[in-house]
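The sequence lines fix the lettering, A, B, ..., with proteins before strands; numbering per chain opens at 1. Remember, it's a predicted structure, so these values are computed and weren't measured experimentally.
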Amino acid sequence: MKEQIIQRVEEALAHLRAQGTLPAQPCPPVQLERTRDKSHGDFATNIALLLAKPAGMKPRDVATAIVDALPADAAISKVEIAGPGFINFFQAGAFLTDSLSAALADEHLGVPRAAAPQTVVVDYSSPNLAKEMHVGHLRSTIIGDAVARTLEFLGHTVVRQNHVGDWGTQFGMLLAYLEEQQDQAELSAELSDLENFYRAAKQRFDDSPEFAERARALVVQLQSGDIHCLKLWHDFNQVSLRHCFEVYERLGVSLRPEDVRGESAYNPDLPYVVAELDKAGLLTESEGARCVFLDEFKNKDGEPLPVIVQKADGGYLYATSDLAALRYRAQKLGADRILYFVDQRQALHFQQVFQVARLAGFVTPKTDLAHMGFGTMNGPDGRPFKTRTGGTVKLVDLLTEAEDRALALVQGKNPELDAEELFNIARVVGISAVKYADLSKHRTSDYIFNFDQMLSFEGNTAPYLLYAYTRVASVFRKAGIEPATLDLSAPLALDAEQEVALATLLLQFGETLQQVAEKGVPHLLCAYLYNLAGAFSSFYEHCPILTAQQTEVRDSRLHLAWLTARTLKQGLALLGIATLERM
RNA sequence: GCGCCUGUAGCUCAAUUGGAUAGAGCAACGGCCUUCUAAGCCGUCGGUUGCAGGUUCGAGCCCUGCCAGGCGUACCA
């Protein structure tokens with residue numbers, strides 16, 4: 001619809017240019033927006049305001065000229081000029097009902113697939129395997145997952161990359177400790193809680209010089225490919241990854257083992273990366289380290305800031321492995337676009353790495369590289385989320401608390417449910433509340449984590465959306481109607497304002513997903529679903545479905561309800577959130 | 001020091017990237033259940049968008065200068 005109106009306006013502009021009413025120079029692209037206020041129609045463009053000055057005309061005169069030159073279109077019922085010179089478009093009722101029927105009959109809910117599908121590499125989650133996943137990993141994991149799912153739904157090829165931290169000096173310490181533990185039973189018990197294991201290893205490292213020495217030796221052995229070391233390292237990582245996948249499983253995150261490609265995978269590439277930088281003439285030696293200096297970045301003394309790719313002792317850094325990863329993703333994975341869902345604090349790092357990768361030719365000039373940074377999750381005091389004693393909060397503990405709180409709430413509201421269903425509902429409500437609370441905030445801003453708020457049934461929360469979905473499910477259950485048996489070709493009748501509002505919103509699913517995919521901001525999808533659920537609740541209160549007088553009205557409303565349910569379910573699925581038939 | 005980000009209702013968050021009267025939820029107050037789940041709906045109240053200038057038809061958004069906070073800034077990731 002949007003494209004169609006833009007097309008018509010372009011035609012009018014071309015006509016006016018040919019006529020000499022408007023100057024022949026190219027004009028800015030026509031922007032068409034959904035209006036916030038229904039009295040301004042369904043769509044509005046400000047093009048007349050933009051063209052007034054170059055044309056030497058009053059904005060409203062330009063608008064009038066455009067409207068007069070506008071070709072007829074059955075989808076547009078009315079065009080008005082308003083305010084300083086906005087052109088408002090009202091869509092025809094028939095267009096609305098036709099589009100709805102098309103969406104109803106479409107598995108894909110009327111959402112068009114990308115005309116030019118891309119291969120998009122999405123780098124997300126990427127925990128450090130030396131420790132257990134903590135709350136700091138939540139945002140990357142679920143935001144990245146939601147965007148990956150959305151891109152896939154829109155027809156792109158998504159390659160997930162879980163760039164886990166499985167390499168580095170802290171592994172020497174862990175392996176030394178692993179090696180020391182003779183008692184297998186005790187070992188597996190300790191490994192079941194990686195956080196304790198890490199702490200214990202760190203303790204040994206700090207207390208015993210011999211242990212520290214052994215740890216450092218193991219790092220060297222590991223890097224030189226010692227078999228014994230590699231086995232210890234591999235075993236440790238397997239245990240740690242198992243922890244990660246338990247969390248992914250609970251969270252409903254779509255990452256699979258084959259998506260894991262950790263830092264160590266790029267180890268063999270690192271010397272070549274440095275060699276290629278050298279060949280490209282980008283390398284400078286400074287204070288013993290090999291660096292790339294970029295003019296646009298300065299350090300604290302106003303001197304050029306280096307991107308260090310090889311330390312004075314010969315070791316490599318995370319910039320090096322990120323460069324290797326970029327090269328691999330662009331060249332081996334054939335990425336058109338690479339998205340990094342990594343903490344906002346690494347913004348400078350990514351700017352540098354992207355710049356170096358371009359200069360070195362690791363990626364093509366048109367490879368779209370984007371750091372999708374995000375803010376921090378804070379506690380009630382506005383400071384980074386910590387336990388009462390100041391420690392980091394393990395992700396599993398957070399999820400367990402969410403489920404426990406959800407269980408208490410659901411039990412209170414609906415005590416007659418049997419235990420199995422009760423637990424299932426509590427699980428879905430608890431997990432989705434945590435995920436949704438995060439996803440519904442703008443990616444780049446910090447936010448305050450609050451259990452009571454996210455588990456509330458009021459406002460922009462997961463429980464509210466889940467409840468809206470169960471209301472639709474309940475209608476069909478009550479009526480004994482199997483949605484699959486609905487005659488989707490039956491005509492729709494939209495009379496009540498709540499019906500029109502709901503229908504209009506239902507048709508905006510695709511454009512919402514488009515924006516989520518472009519900007520990597522799932523909160524727009526959340527806002528959309530919240531509006532949709534609200535529009536449905538309003539419709540539900542004001543427009544009786546099953547008890548409607550005429551069968552045409554009843555059928556029409558059932559269709560609206562059915563498309564609402566499917567859209568809610570699909571939208572939540574793209575956020576990685578399951579739905580419930582009852583709660 | 002330099003760079004990046006943030007500052008919106010008492011609280012938690014939005015605002016279609018420069019559009020029309022800055023919107024939701026919570027909290028407060030008031031209505032609506034013999035009728036599809038009231039875990040809901042409808043309404044009232046609440047604002048000098050940190051401050052001061054500027055740009056233009058039009059600024060929460062862009063520019064300049066302040067104020068307050070956060071983060072980053074050479075061998076950790």
Between A:Phe451 and A:Phe449, is the ring centroid distance below 6.0 Å?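 Here the rings of A:Phe449 and A:Phe451 have centres that are less than 6.0 Å from each other.
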Can the ring centres of A:Phe536 and A:Phe539 be said to be less than 6.0 Å apart?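 They qualify: ring centres under 6.0 Å apart.
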Taking the side chain of [X] as its heavy atoms from C-beta onward, which of [options] lies nearest to it?
X	options	result
A:Asn88	B:rA38, B:rU16, B:rA20	B:rA20
A:Tyr530	B:rC41, B:rG25, B:rG19	B:rG25
A:Glu263	B:rA77, B:rA74, B:rG40	B:rA77
A:Glu458	B:rC26, B:rC41, B:rG72	B:rC26
A:Ser445	B:rC41, B:rA14, B:rC71	B:rA14
A:Tyr318	B:rA15, B:rA77, B:rU37	B:rA77
A:Thr470	B:rU37, B:rA15, B:rC41	B:rU37
A:Lys478	B:rA14, B:rG40, B:rC36	B:rC36
A:Leu49	B:rC36, B:rC41, B:rG19	B:rG19
A:Pro306	B:rA74, B:rG19, B:rU21	B:rA74

[N] - base-pair partner by Watson-Crick or wobble geometry, distances under 3.5 Å:
N	value
B:rU64	B:rA52
B:rG47	none
B:rU73	B:rG1
B:rG40	B:rC32

Across the strands shown, which category fits [X] at heavy-atom distances under 4.0 angstrom: base, sugar-phosphate, nothing?
X	value
A:Cys543	base
A:Lys441	sugar-phosphate
A:Thr376	nothing
A:Arg34	base
A:Phe297	nothing
A:Ala347	nothing
A:Ile308	base
A:Lys53	sugar-phosphate
A:Tyr447	sugar-phosphate
A:Ala561	nothing
A:Pro59	nothing
A:Ile545	base
A:Ala527	nothing
A:Arg60	nothing

For B:rA38, does either OP1 or OP2 sit under 4.0 Å from a side-chain N or O belonging to A:Arg471?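 The answer is yes; a side-chain N or O of A:Arg471 sits under 4.0 Å from OP1 or OP2.
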For A:Phe86 and B:rA20, do the ring centres fall under 5.5 Å apart while the planes stay under 30° apart?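 Per 5.5 Å and 30° rule: yes, stacked.
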A:His40 stacking on B:rA20: centroids under 5.5 Å, ring planes under 30°?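 It does: the two rings, one from A:His40 and one from B:rA20, meet the stacking criterion.
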Distance, [atom1] atom - from [M] to [N], rounded to whole angstrom:
N	M	atom1	value
B:rC62	B:rG43	C1'	39 Å
B:rG47	B:rG3	C1'	33 Å
B:rA28	B:rC61	P	34 Å
B:rG10	B:rA52	C1'	26 Å
B:rU17	B:rC13	P	24 Å

What form does the base of B:rC33 take, syn (within 90° of 0) or anti?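 B:rC33: syn.
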Check the chi torsion on B:rU73 and let me know: syn if it falls within 90° of 0, anti if not.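 B:rU73: anti.
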In plain terms, say whether A:Arg139 and A:Asp343 are close enough for a salt bridge, that is, a side-chain N and a carboxylate O under 4.0 Å apart.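 A salt bridge is absent here (no side-chain N lies under 4.0 Å from a carboxylate O).
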Using heavy atoms to find the nearest nucleotide of RNA chain B for A:Asp446 and A:Asn414 separately, return the residue whose nucleotide is more 5′.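 The answer here is A:Asp446.
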A:Gly459 or A:Gln515, whichever maps to the more 5' nucleotide of RNA chain B: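 Checking each residue's closest nucleotide, the 5'-ward one belongs to A:Gln515.
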Base [N] to side chain [X], donor-acceptor N/O within 3.5 Å cut-off:
X	N	answer
A:Arg582	B:rU37	no
A:Asn46	B:rG19	yes
A:Thr35	B:rA20	no
A:Asn531	B:rA14	no
A:Tyr467	B:rA39	no

Whether A:Trp233 side chain and A:Asp166 backbone form a donor-acceptor pair below 3.5 Å: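 The answer is yes, because a donor-acceptor pair under 3.5 Å joins these two groups.
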Between A:Ser538 (side chain) and A:Gly534 (backbone), is there a donor-acceptor pair under 3.5 Å?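 Flag not set: sc A:Ser538 to bb A:Gly534 has no pair under 3.5 Å.
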Answer with yes or no whether the side chains of A:Asn460 and A:Tyr436 bring together a donor and an acceptor at under 3.5 Å.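 Indeed, the side chains of A:Tyr436 and A:Asn460 share at least one donor-acceptor pair under 3.5 Å.
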Residue from A:Thr376, A:Thr392, A:Leu398, A:Asn378 passing side chain to side chain contact (heavy atoms under 4.5 Å, CB included) with A:Phe385: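 Among A:Thr376, A:Thr392, A:Leu398, A:Asn378, the one that satisfies the side chain to side chain contact (heavy atoms under 4.5 Å, CB included) with A:Phe385 is A:Leu398.
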Step-by-step ring-ring contact (aromatic ring centres under 6.0 Å, His included) determination, A:Phe354 to A:Tyr340: CA-CA 11 Å; A:Phe354 292 167; A:Tyr340 288 84; 5.6 Å; yes
Which distance, rounded to the nearest 0.5 Å, do you find between the CE of A:Met583 and the OH of A:Tyr469?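 These two atoms lie 13.0 Å from each other.
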